[in-house]
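Working notes, structure below.
Scope of the values below: all heavy atoms of this structure, side chains included, with no hydrogens, waters or symmetry mates. Labels below follow one simple rule: chain letters A, B, ... track the order of the sequence lines, proteins then strands, and each chain is numbered from 1.
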Number of protein chains: 2
Amino acid sequence: MTSEDIAGGRAAARRSVNPTVHDVALEAGVSPMTVSRVLSGGKNVRTELQDKVWRAVETLGYHRNENARSLRPGHRSGLVGVTITNIANPYYAEMLRGVEEIASANGRRILVGNSNEDADLERQLVADFIGRRVEGLIVVPSSTGDGAHLQGERLGGAPLVLASRAVAGVDVDTVLIDDVAGARAATARLLAEGHRRIAFLGNRSSVFTGRRRLDGFTLAHHDVGVEPLADLIRLGQQDVGAAEHAMADLLDLPQPPTAVFGANNRNTVGAIRAIVARRRSADAAGATSAEIRVAGFDSFDFADIAPVRLSVVDHDAGDLGRRAAAMLFEHLDGAPAAGSARVVELPVTLRDLF
Amino acid sequence: MTSEDIAGGRAAARRSVNPTVHDVALEAGVSPMTVSRVLSGGKNVRTELQDKVWRAVETLGYHRNENARSLRPGHRSGLVGVTITNIANPYYAEMLRGVEEIASANGRRILVGNSNEDADLERQLVADFIGRRVEGLIVVPSSTGDGAHLQGERLGGAPLVLASRAVAGVDVDTVLIDDVAGARAATARLLAEGHRRIAFLGNRSSVFTGRRRLDGFTLAHHDVGVEPLADLIRLGQQDVGAAEHAMADLLDLPQPPTAVFGANNRNTVGAIRAIVARRRSADAAGATSAEIRVAGFDSFDFADIAPVRLSVVDHDAGDLGRRAAAMLFEHLDGAPAAGSARVVELPVTLRDLF
DNA sequence: TCGCCGGTTGTTATCGTTACCAAGCAACGG
DNA sequence: CCGTTGCTTGGTAACGATAACAACCGGCGA
């Protein structure tokens, strides 16, 4: 068996396996180094050889092995790791799209992991991403656990940007929604309309945004010199069903609220459902039910067809992602982060949907 | 300068750079080979040395370089590439979560790209993923372009699974929603109730799902021996506004429809809005307006409290993703796909929301 | 004519990891 | 007491790509 036989056999086998520069070189009748040069621009290679190489690449269906490439010193992986507490949440999906957009524009690809609000899973994801030599990380931190695994020393030198939530003790660039101002503005609107019994449906205050939105709710009350009513505040509803139940509960009070603020879209939707259900049963009984005013943080699909007077605090999740990615790439391509960590709070707008 | 000085200097420099097995070996006072063995289970290594190695790993913050690892023959990259036409679409976000769930369970990570319905971008993403040696690909194909870049020879041996949409000429495993059956069942329900003037609001028929849902609509008519009314079919509405306008237009006909089928949630919501607006203006004028029956593909928030008689075709995007991923892993871990490509159509359920 | 230059091509060594082989050592049976 | 076995450890080479260097070529000025 001659070496040509071997080469021939190899070329045939290539049909389903990944060819290498060596295979392309063989096919084109040049050295691997020439192939490499052609693939990275063709500087100082005769046009004739370049054509030969490109033809061979085409014939064999060659794709440069990026993993091998990134092994060489000075070479970057072209990867950015993204962990999100729940990819299926439309809000974070929109954010992810923003991240992808900026990453793509900078020639990077994104590795995506779902942490499911589990700090341990998040730790594993981050460790795995570091092992894959991501150039940087964008993390929506889970609400559980300390941020020990996000401390710089553990990250193998990859810069980190936190999105949507901050983590105590982790001093890195962070992009947030202005939760406090948004909740404050929405609550102020309800107060300005004369409401004084305003319910609050939100996350446990251990959740970063949950705490901040409750803060905004409280501040708005203080702004007009009143205290929020503690018995109208319900925390910890994780899904629409729980929120609906909590709202129904509030409507059963001897003195029910006249307005409600949903601290996220699940709670807002649940509240609306409970209100509509109550209205229907009242109608059926020939009774009248008081109109409940609703405001909520986050918009949601078809918020504008909600059958109540509704205002929402709107914000651009895509922008959140784009900003986070942009900050990350400043670390990667630009200066080595001279000053300390920056915290950006993105503005929100209050919209009336009636 | 002694070699210890060099080692010391190196260890200090490691603070921000990624250490290697060699560094760990130096720190633990063993050979790189022993480190490697410990990291892959510690089979045939003294417990004492294992401890030393783990301590060194901890001290240096070492993470095994997966890219270098995957270079070795027989080793897999642990990556799956996913391209989606629009990550921000809640439906595909839910699907992505399903894919991530199964991929994670199989020890793989996902590379995610947004093709933005652009076949050329999709081609670039796929080529890049192949270059990163993904073990397989899950693609929601863009509605533009032929599937030339999805032909097997171009994929470097990585199996491909199509999700949500099929591509003519690309004979690979595909997971679809049963668009035809869903549209057929919903339309059949309307026909069974006696409706004979049923409007259709949907996508351009160049969109895969658009065509299939219209097919289902047509089949249901043929099932009862009637023809769909061409002048009640409106295609190409991309958003709620356009759908509302189209429906208003239909209601203005001398013989308006008595029922309407929305081929996706945007069209269904638009239809409902037009119907409600018409009802209000009729009420205001003291006139009566005919009740219009509504059915739609996809559910949406508040579908169950819509102010019309509504039925929706429900389906599980997460399941779509899980099934697609499961099929991919059958190719990866199991048999080498003896038979020809499978096409799975996930069942849908028709729900009455009144 | 000789030596140098710039353009072109190939050879070598290396990135981080690990399969494979070889070597060292203690225990054990003959 | 020696050969064998099994456990432990380290050296070497290779995965794929490419910087760095070396080699070669034709052309040009001295």
Please give, in whole Å, the distance from [N] [atom2] to [X] [atom1]?
X	N	atom1	atom2	answer
A/Leu71	D/dA19	CG	C1'	14 Å
A/His75	D/dT18	NE2	C1'	8 Å
B/Arg132	D/dA17	CZ	P	14 Å
A/His22	D/dA14	NE2	C1'	13 Å
B/Asn67	C/dT17	CG	C1'	11 Å
B/Asn65	C/dT18	CG	C1'	13 Å

For the residue pair [Y] / [X], report whether a side-chain donor-acceptor contact shorter than 3.5 Å exists.
X	Y	answer
A/Glu117	A/Ser142	no
B/Arg342	B/Thr174	no
B/His331	B/Asp173	yes

message: Determine whether A/Ser115 and A/Asp118 satisfy the following criterion, side chain to side chain donor-acceptor pair (under 3.5 Å), listing intermediate values before the conclusion.
response: CA-CA 6 Å; A/Ser115 69; A/Asp118 179 339; over 6 Å; no
task: Please test B/Glu122 against B/Thr83 for side chain to side chain donor-acceptor pair (under 3.5 Å), starting from the C-alpha separation and ending with a verdict.
output: CA-CA 7 Å; B/Glu122 187 177 291; B/Thr83 81; 4.6 Å; no
Charged N-O contact under 4.0 Å between B/Glu66 and B/Arg69: yes
- line: Partner of A/Val80 under side chain to side chain contact (heavy atoms under 4.5 Å, CB included), picked from A/Ile102, A/Val134, A/Leu328, is A/Leu328
Stretch residues 30-51 of chain A: residues that reach within less than 4.0 Å of DNA chain D through a heavy atom: A/Met33, A/Ser36
field: Angle by which the axis turns from one end of the helix from C/dT1-D/dA30 to C/dG30-D/dC1 to the other, five pairs per end, to 10 degrees
entry: 70°
query: Going by modelled atom types, is there a donor-acceptor pair between the base of D/dA14 and the side chain of B/Arg72 at under 3.5 Å?
result: yes
- prompt: Above 12 or not: heavy atoms from other molecules or residues under 6.0 Å from CZ of B/Arg322?
  reply: yes
- request: Assign B/Arg69 to base, sugar-phosphate, or nothing according to its heavy-atom contacts below 4.0 angstrom with the strands shown.
  value: sugar-phosphate
task: Step by step, work out the side chain to side chain donor-acceptor pair (under 3.5 Å) result for B/Ser36 and B/Arg64.
output: CA-CA 9 Å; B/Ser36 174; B/Arg64 203 155 50 166; 5.9 Å; no
